[in-house]
Structure formats: structure tokens, C-alpha cells
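Step one of this worksheet: look at the structure below.
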Amino acid sequence: MIEIYSKDYVKEQKKKMAERVEALKAKGIHPSMTTFLVQGRSANAQYAKVKGRFAETVGVDYHLVELDAETTTEDLIKAIEEKNQDPNTHGIMVEMPLPEHIDESQIRVALDPNKDVDALHPIHLGNLLHQRPSTIPNTPLAAMKMLELADTEFKGKDCVVIGNSTVVGRPLAELLEQKEATVTLCHIFTNDTAKFTREADIVCSATGVPHLVTEDMIKEGATVVDIGTTYTEDGKLLGDVDYENVAPKTRAITPVPGGVGPVTQVMLFDQMITRLEKEAN
């Protein structure tokens, strides 16, 4: 059984990324990212701070714009549009989910697709479906990297993705299909998810339901990627998979924490830096 920890990969990529950022600065380009955080969810604030620490490590200027919980859709769109027009801002993020009174669909389309580093704008999903990707959602991209680190075979394999969000489940299913796997996408209305996972060579879960995936749902020798994250009241981070009991049955499995999450940060900054390198050349 392979435990797919991301620590060494992330450490290596940070070093390479810092060198790439220095090369851009030598050309007069100083990579800069802005994250908008509407107060109200402690997990969102934690994620925003993690991105800030990563940015500092690789030399990217990072600006966290904190907005109060009463911020309206119009207020947030106005703030985004200011950064859209700012030539010194190269990447824009909006921490999701937003408070219920803010229209997320309007926020997504307000982002300049070229600066939208989390692929929230619907144009990115459309480009991915047409196999002409622009920015790819970072979490599914990180999940694919974890599978590759474990030397996973894709062609002809049966895969199950649990969770059908437009920023994780659906793009991940598309990325797996583009690797010539056969993919089943399960969601909250799937009558018997276990019926599908028991036959799957690869299982990826992204629901945020702790220990949703149990030992009896996984066949011997399967590869399991745990994308879900849930913080308990005492601050412990749990994944979707009952790791202790599922792991012994698997060929390879990602832990939580220490698995997909840190690689998501790598993909976020890598995609922005890669775009700036292409523009510089």
C-alpha cells in the first residue's frame, strides 16, 4: 500500500517556483495575487492565510482584502472590477462559499478570466470540456497530480468521483476521462454510491462529509484520493475517507491532512506563474 504524501513534492515545487518568480522579476514582472475574503466562515479565513504563507515562500506579492459580513453582491463586484483593471494585479481569488445573500453566479462572471486563478469563471470549465484548457480548477488538478505521483494507470480503468461540484467533481471527472478512464460521477441523489465504488479501480471523494467512504465501499487494490476536508469543533481536520480502515485495502491512498490540500496551493500559483512566463516570452 502506497501512502501518497505530498510533502516532498510540495517542497521541491516551492524551490523551483521561487526561482521562476525571481526570473520574472528580473524581467520587470512582479507576480501579485489578491484574495477577497468576506468574513463569516473561519475555514475560509484559514485557507486565505495558508495561501499568504505560500506566496511569501515563493516570492509572490499577496494581498488579502477582508470585507465585512454585510458586503453586498454589488460591493464585491465593484472591488473585483478594480483589481480586474489594475495592471499590477496578476491573479484574483474569491474565497468560497460566500454568504447566502451574495449571488455567487454574478461574482464568478465578474472575474477577469485571465486573472481568475481558481477557475471560477464558467469559461474555464467550457474550455476544459473542449480540451483547450485555460485555467483548470486547482483542486482537481492537484488530485490528478497525486494519482500521477503514485504511478496510477488511467487508460481503461473504472473510476468513481463522489461529489459533482463545478469546481471539483465535474472537472475532475473530465480530467480522468481525458486520460481514457471510464468515469461514474456520484452525488447526493445517487441511490447507492457503494454499488459503484466497490467496482472502481480509482475512487476520488470530494464531499466534505467526514468518513463517508468506508472499508466496505472499496475493493482490494483500489487507489483512493481523499479531497474532502472538514474541521471539527476542536480544530481537527478530517477527510471523506475512513483512512485507518480503508488504507490497508488500497493500492495507494492520500491522507488528510498531508495529501491533496498542499498540492492545491502548488497548482494555484503554478498556473499563474506559467501564464506570466508565457506572456513574458
Side-chain angles (χ1 to χ4, degrees), residues 6 10 32-57 60-84 89 91-112 115-122 124 135-143 163-169 171-172 205-210 226-240 256-269 271-272:
S6 57
V10 172
S32 176
M33 181 183 296
T34 294
T35 293
F36 290 100
L37 172 65
V38 180
Q39 295 176 1
R41 293 188 80 243
S42 59
N44 281 10
Q46 178 66 23
Y47 296 148
K49 291 176 182 177
V50 168
K51 295 181 184 76
R53 292 194 292 269
F54 193 106
E56 183 179 2
T57 300
V60 171
D61 293 334
Y62 184 79
H63 306 278
L64 178 59
V65 179
E66 298 185 68
L67 305 170
D68 61 53
E70 286 71 40
T71 297
T72 65
T73 301
E74 292 72 23
D75 292 335
L76 184 51
I77 288 175
K78 182 179 179 181
I80 290 170
E81 288 179 342
E82 289 179 0
K83 293 300 180 180
N84 284 343
T89 298
I92 302 172
M93 281 201 69
V94 179
E95 287 294 343
M96 296 285 187
L98 291 164
E100 291 184 359
H101 68 275
I102 296 181
D103 187 339
E104 285 192 5
S105 62
Q106 289 191 46
I107 301 305
R108 291 172 184 270
V109 297
L111 291 160
D112 177 349
K115 295 185 178 184
D116 172 21
V117 293
D118 216 18
L120 294 177
H121 196 290
H124 295 304
T135 301
I136 299 173
N138 298 293
T139 301
L141 201 58
N164 68 339
S165 74
T166 57
V167 292
V168 183
L172 177 55
S205 185
T207 67
V209 179
D226 191 348
I227 306 168
T229 54
T230 305
Y231 281 97
T232 63
E233 290 183 358
D234 59 0
K236 185 178 180 180
L237 184 61
L238 300 177
D240 284 4
V256 174
V260 174
V263 181
T264 298
Q265 307 302 321
V266 172
M267 299 305 164
L268 169 70
F269 287 90
Q271 290 196 90
M272 184 184 78

Set of side-chain contact (heavy atoms from CB on, under 4.5 Å) partners for T73, sequence neighbours left out: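 Result, side-chain contact (heavy atoms from CB on, under 4.5 Å) vs T73: I77, I102, D103, Q106, I107.
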
Sequence neighbours excluded, which residues qualify as side-chain contact (heavy atoms from CB on, under 4.5 Å) partners of S6?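 Here the qualifying residues are V10, M146, P262, V263.
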
Pairs involving residues 45-56, ordered by first then second residue, that meet salt bridge (Lys or Arg N to Asp or Glu O under 4.0 Å) (sequence neighbours left out):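 Found K51-E95.
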
Look up atom [atom1] in [X] and atom [atom2] in [Y], then write down how far apart they are to the nearest 0.5 Å.
X	Y	atom1	atom2	value
L37	L64	CG	CG	5.5 Å
L237	Q46	CG	CD	9.5 Å
F36	K83	CZ	NZ	6.5 Å
N44	L98	CG	CG	8.0 Å
M93	M272	CE	CE	11.0 Å

Of all residues at least two apart in sequence or in a different chain, which pass the side chain to side chain donor-acceptor pair (under 3.5 Å) check with D226?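 Here no residue qualifies.
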
List the residues meeting side chain to side chain donor-acceptor pair (under 3.5 Å) with T230, not counting sequence neighbours, and say none if there are none.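 Not a single residue meets the side chain to side chain donor-acceptor pair (under 3.5 Å) criterion with T230.
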
Do the side chain of [X] and the main chain of [Y] share a donor and acceptor less than 3.5 angstrom apart?
X	Y	answer
N138	V117	yes
D240	G208	yes
D75	K78	no
T207	V209	yes
H101	T71	yes
K115	T89	yes

In terms of relative ring orientation, are Y47 and Y231 parallel, tilted or perpendicular, with 30° and 60° separating the classes?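 Answer is tilted, since the angle falls between 30° and 60°.
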
Taking the side chain as everything from C-beta on, heavy atoms only, tell me whether [X] gets closer than 4.5 Å to [Y].
X	Y	result
D118	V94	no
L120	M96	yes
T232	L238	yes
L76	L67	yes
N84	I92	yes
L172	L141	no
M33	D61	no

Please enumerate all residues that pass ring-ring contact (aromatic ring centres under 6.0 Å, His included) together with Y62, with sequence neighbours excluded.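 In terms of ring-ring contact (aromatic ring centres under 6.0 Å, His included), with neighbours along the sequence ignored, Y62 is linked to no residue.
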
